[in-house]
Amino acid sequence: MQVIFLVRNNKFDIELIKHHQFPYCTLPTSGFFNKKFFQLVLFFINFIRALFIFPYLLIKIKPDAILASGSFSSLIPVLWANLLKIRYFLLEQNRIPGRFNKYFSRWAREVYLGFPLAIKLKGNFIYTGNPLRTTITTTPIKPTCLRKTILVLGGSQGAQFLNLHAVELAALLADYQFIIQTGQKHYEQTKKLVKSNNCQLISFTPHPEELYQQANVVITRAGGMVLSEILFFGIPSIVIPYPFATDNHQAANAQFLSHNNAAIILNQPRQQGLSLEFLEKLKDTLLTLLNDTSRLNAMSQAALKLAPLNAAQTIAQRISLCLPE
């Protein structure tokens, strides 16, 4: 089976796909919801361009099936798939699907879920877990209770709220090492705020498995992929859902871990700056957890039990069964 990736025509996506040396094509896409006037104009321009570019790609590639992961990058391919009766499948990373997957799930052959759904929708849903890269799934898992390292993750784009509090937390807890993945756009600003030498900043890494191996506890946002990776490595986590996420889907993701004793949820105040009250609460929660070895071990075991194994292989096998011989 040959797989060709279709990615947005932007620098970040193209660099990432080239790093992994996957064959790919690009399509002009941009967002629509909550955008300003000129961004809306750009959306319609890209929509019309993609509407005519994608049929050329269909003729060139002749796909037996399309696997879409939602967002506006998937809109044109799935519209054409519906029109031309091409099989298509959907990936959903979160417990509350985005607008795209909510609408198109009813016509997809199958929808593969990273987490059990938190709402009822029409469609053929199958809980597989989120597919993880082989560089992650083949990395040895080390015992978490032997280290004193806190990993702070804000997602691929970073989270300035987490960066601000993590830098302050590192200054307060000199006996612990902090690794903070800041996001590229926040790196320089966060670097200026560092007050202690126990604080390592990383803008972005294509190899998060190297960070997970070092972590005793993870402080993180609640995106579907990062939570799946944390579960796979069995790392206890303090999850701070992004309060402005669409349909509050990060809170739903975090609740799945919390209800299964794999994570502690702290709710961010609806502000972007430093909150001394939240900082104190975060410090107390972290220290309580770090000083309770039995709870750390219990959370680690709970996380490992929640991590579906071989999600990528399961999805590939199910799609193969639907393809013509």
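The figures here come from the full heavy-atom set of this structure, side chains too, leaving out hydrogens, waters and symmetry mates.
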Gap between atom CD of Gln177 and atom NZ of Lys148 - 0.5 Å precision: 9.5 Å
message: Tell me whether Arg49 forms a cation-pi arrangement with Phe47, defined as NZ or CZ under 6.0 Å from the six-membered ring centre and within 45 degrees of its axis.
response: no
field: More than 12 heavy atoms from other groups under 6.0 Å of NZ on Lys102
entry: yes
query: Run the side-chain contact (heavy atoms from CB on, under 4.5 Å) check on Gln268 and Arg221 step by step: do they pass?
result: CA-CA 10 Å; Gln268 173 184 333; Arg221 286 300 196 202; 2.7 Å; yes
task: With rounding to the nearest 0.5 Å, note down the distance linking OG1 in Thr29 to CG in Asn10.
output: 7.5 Å
query: How long is the gap from OH on Tyr176 to CG on Leu290, to the nearest 0.5 Å?
result: 4.5 Å
- prompt: So, do Arg8 and Leu27 sit near enough that their side-chain heavy atoms are less than 4.5 Å apart?
  reply: no
Which pairs of donor and acceptor atoms, one on a side chain in residues 227-239, lie under 3.5 Å apart (sequence neighbours left out)?
from   : atom 1 : to     : atom 2 : distance (Å)
Ser228 : OG     : Asn130 : ND2    : 2.9
Ser228 : OG     : Gly224 : O      : 2.9
Glu229 : OE1    : Tyr212 : OH     : 2.6

- prompt: With distance as the sole test, does Ser320 use its side chain to make a donor-acceptor pair with the main-chain N or O of Ala316 at under 3.5 Å?
  reply: yes
- prompt: Is atom CZ of Arg133 surrounded by more than 12 heavy atoms (other residues, nucleotides or ligands) closer than 6.0 Å?
  reply: yes
- prompt: Okay, side chain of Gln214, backbone of Glu210: is any donor-acceptor separation there less than 3.5 Å?
  reply: yes
- prompt: After noting the C-alpha distance and the side-chain angles of Asn163 and Gln160, does the key distance pass the side chain to side chain donor-acceptor pair (under 3.5 Å) rule?
  reply: CA-CA 5 Å; Asn163 295 340; Gln160 187 63 352; 3.1 Å; yes
